[in-house]
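The figures that follow rest on heavy atoms only: side chains count, while hydrogens, waters and symmetry mates do not. Nothing here was measured: the structure is a model prediction, and the numbers come from that model.
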Amino acid sequence: MADKQKIAILTSGGDAPGMNAAVRAVVRTALYFDMEVYGVQEGYLGLKEDNIHRLTAGDVGDIIHRGGTMLGTARLPEFASDPMVRRQCYENLRAHGIDGLVVCGGDGSYRGANLVYKESGIKVVGLPGTIDNDLAYTDFTIGFDTAVNTCVDNINKLRDTMASHGRVSVVDVMGRGCGDIAVHSGIAAGAEAILIPEIKKTDNQWLDYLVSKLRTAFARGKKYGIIVMAEGVYATPKMHHFTADYIASWLNANSETIGHRVDARGCVIGHVQRGGSPTATDRILAARMGEEAVSLLREDKGGLCVGIVKNRIIAVEIEKALSMKRRVDKHLIELADILAR
Ligand code: F6P
């Protein structure tokens with residue numbers, strides 16, 4: 001009788017709601033096809049430290065609705081920089097007889113996955129697990145929808161208090177270099193203005209833009225305002241000062257240019273948007289993508305990552321995926337602008 005195919009799964013980088021659903025999908029699909037499945041604790045660190053354990057169907061019970069990742073996660077820069085660390089990881093995988101690995105994470109995790117595939121011959125498949133939605137080859141990443149919903153929920157709460165006091169809230173959301181969380185949550189929360197790093201403006205240009213948006217809102221009788229800003233806007237050294245609090249203070253000090261009294265406050269949503277129970281959309285995405293990852297490994301395919309384009313599950317070479325440049329959806333930005341008039 002032929003040996004069972006043995007595969008492992010790890011989650012790496014910033015956690016994302018839906019990672020657990022992806023782990024469950026990979027484990028249960030693999031077991032369905034009579035494969036052996038192993039979970040690696042804390043991403044590439046667990047590979048290095050041989051923190052690798054067999055998983056049963058029961059081990060992934062009661063996790064589909066939980067945020068975070070039952071496998072834990074880590075960022076391990078030595079994995080990319082130190083070939084000895086990587087060699088140790090490959091030896092540990094081989095010692096368990098594992099010849100297929102699913103890596104669920106963002107672009108940094110994918111770079112690691114590509115090294116494993118190129119250097120060790122172990123078949124690797126990537127699953128896009130990140131709230132940022134910053135992987136160009138896929139329309140959506142696992143965790144993005146939940147993060148957007150968390151931001152919208154928080155902005156709804158801010159709206160209540162901003163409306164009661166006639167204030168302006170400047171809300172900072174995550175996304176690293178990608179403005180998708182800001183654009184989607186800004187549209188869904190009815191923001192007056194959305195600031196994203198893909199639109200290149202200086203601090204003064206952004207302030208002019210905000211003045212004009214708030215003038216329009218106050219002129220039509222609005223008593224308060226919501227501004228959503230992606231953290232990537234202040235990521236460059238020149239823009240480091242341009243935080244939600246800085247913008248709020250500037251607006252307060254420049255009420256006369258806006259033509260209305262302004263009482264603005266900054267609010268950083270922060271890591272809250274990375275937690276919480278995944279939405280149904282993220283759970284279904286994780287289920288579909290996890291199933292595809294196992295199918296690819298069953299066909300002995302590696303060096304690929306799973307995505308979704310126009311609601312169809314696709315697979316793309318990891319190297320190609322990493323070289324693709326994400327384009328901002330200009331129409332969504334125009335729409336946000338039209339709807340805020
Ligand atoms: O990549 C996911 C992410 O949450 C980004 O949106 C954010 O910039 C970063 O991770 C924060 O990283 P950390 O949790 O290590 O502070």
Side-chain angles (χ1 to χ4, degrees), residues 11-26 64-65 67-69 73 102-110 113 125-153 173-189 194 196-198 228 230-232 273-293 295-296 304-318 320-333 335-336:
T11 51
S12 158
D15 63 341
M19 276 185 165
N20 275 328
V23 172
R24 174 180 177 271
V26 167
I64 192 168
H65 59 301
T69 159
T73 185
V102 179
V103 171
C104 183
D107 56 349
S109 310
Y110 273 20
V125 175
L127 290 180
T130 168
I131 64 166
D132 296 347
N133 211 37
D134 58 349
L135 293 164
Y137 77 96
T138 181
D139 288 348
F140 296 107
T141 57
I142 298 165
F144 171 69
D145 185 65
T146 308
V148 169
N149 276 287
T150 301
C151 289
V152 171
D153 187 42
V173 299
M174 281 184 169
R176 224 182 266 275
C178 179
D180 280 19
I181 296 179
V183 172
H184 286 242
S185 55
I187 290 176
I194 302 171
I196 56 169
E198 292 90 339
V228 179
E231 61 178 355
Q273 72 205 277
R274 242 173 42 193
S277 181
T279 58
T281 299
D282 272 331
R283 297 181 201 190
I284 294 164
L285 187 62
R288 294 174 72 191
M289 288 183 166
E291 179 200 34
E292 178 66 9
S295 298
L296 292 168
L304 298 168
C305 50
V306 180
I308 188 162
V309 174
K310 297 190 168 66
N311 201 26
R312 293 183 80 93
I313 297 294
I314 52 132
V316 171
E317 282 175 16
I318 297 176
K320 184 171 172 208
L322 286 171
S323 70
M324 288 166 74
K325 204 167 154 33
R326 180 145 194 101
R327 272 183 233 263
V328 62
D329 186 338
K330 288 212 177 96
H331 179 67
L332 273 187
I333 295 170
L335 178 61

Quick one: [atom1] on [X] to [atom2] on [Y], what's the gap to the nearest 0.5 Å?
{"X": "Y110", "Y": "L127", "atom1": "OH", "atom2": "CG", "answer": "6.0 Å"}
{"X": "I284", "Y": "D145", "atom1": "CD1", "atom2": "CG", "answer": "10.0 Å"}
{"X": "I131", "Y": "D180", "atom1": "CD1", "atom2": "CG", "answer": "11.5 Å"}
{"X": "H65", "Y": "R24", "atom1": "NE2", "atom2": "CZ", "answer": "10.5 Å"}
{"X": "I308", "Y": "I313", "atom1": "CD1", "atom2": "CD1", "answer": "4.0 Å"}
{"X": "M174", "Y": "T150", "atom1": "CE", "atom2": "OG1", "answer": "11.5 Å"}

When you measure from the side chain of [X] to the backbone N and O of [Y], does any donor-acceptor pair fall under 3.5 Å?
{"X": "R326", "Y": "L135", "answer": "yes"}
{"X": "T73", "Y": "G13", "answer": "yes"}
{"X": "N133", "Y": "F144", "answer": "no"}
{"X": "T138", "Y": "T141", "answer": "no"}
{"X": "E198", "Y": "R327", "answer": "no"}
{"X": "D282", "Y": "I142", "answer": "no"}
{"X": "D132", "Y": "D134", "answer": "no"}
{"X": "S295", "Y": "E291", "answer": "yes"}
{"X": "E231", "Y": "R176", "answer": "yes"}
{"X": "S185", "Y": "C151", "answer": "no"}

Answer yes if the side chains of N149 and T279 hold a donor-acceptor pair under 3.5 Å, and no otherwise. no
Have R288 and N311 got a donor and an acceptor in their side chains that come within less than 3.5 Å? yes
Do the side chains of [Y] and [X] get nearer than 4.5 Å, heavy atoms only?
{"X": "N20", "Y": "I64", "answer": "no"}
{"X": "L304", "Y": "V316", "answer": "no"}
{"X": "L332", "Y": "I187", "answer": "yes"}
{"X": "L322", "Y": "Y137", "answer": "no"}
{"X": "L335", "Y": "I333", "answer": "no"}
{"X": "P128", "Y": "F140", "answer": "no"}

Any idea which heavy atoms bring [X] and [Y] closest together, and the distance?
{"X": "A136", "Y": "M324", "answer": "CB-O, 3.5 Å"}
{"X": "G276", "Y": "P17", "answer": "O-CB, 3.7 Å"}
{"X": "P197", "Y": "G177", "answer": "CG-O, 3.4 Å"}
{"X": "V309", "Y": "D139", "answer": "CA-OD2, 3.4 Å"}
{"X": "A188", "Y": "V152", "answer": "CB-CG2, 3.6 Å"}
{"X": "A286", "Y": "A25", "answer": "O-CB, 3.8 Å"}

Checking salt bridge (charged side-chain N to carboxylate O under 4.0 Å, His left out) for the pair D15/R274: CA distance, chi angles, key distance, verdict? CA-CA 7 Å; D15 63 341; R274 242 173 42 193; 2.9 Å; yes
The test is side-chain contact (heavy atoms from CB on, under 4.5 Å); show your working for I314 and V306 and say whether it passes. CA-CA 6 Å; I314 52 132; V306 180; over 6 Å; no
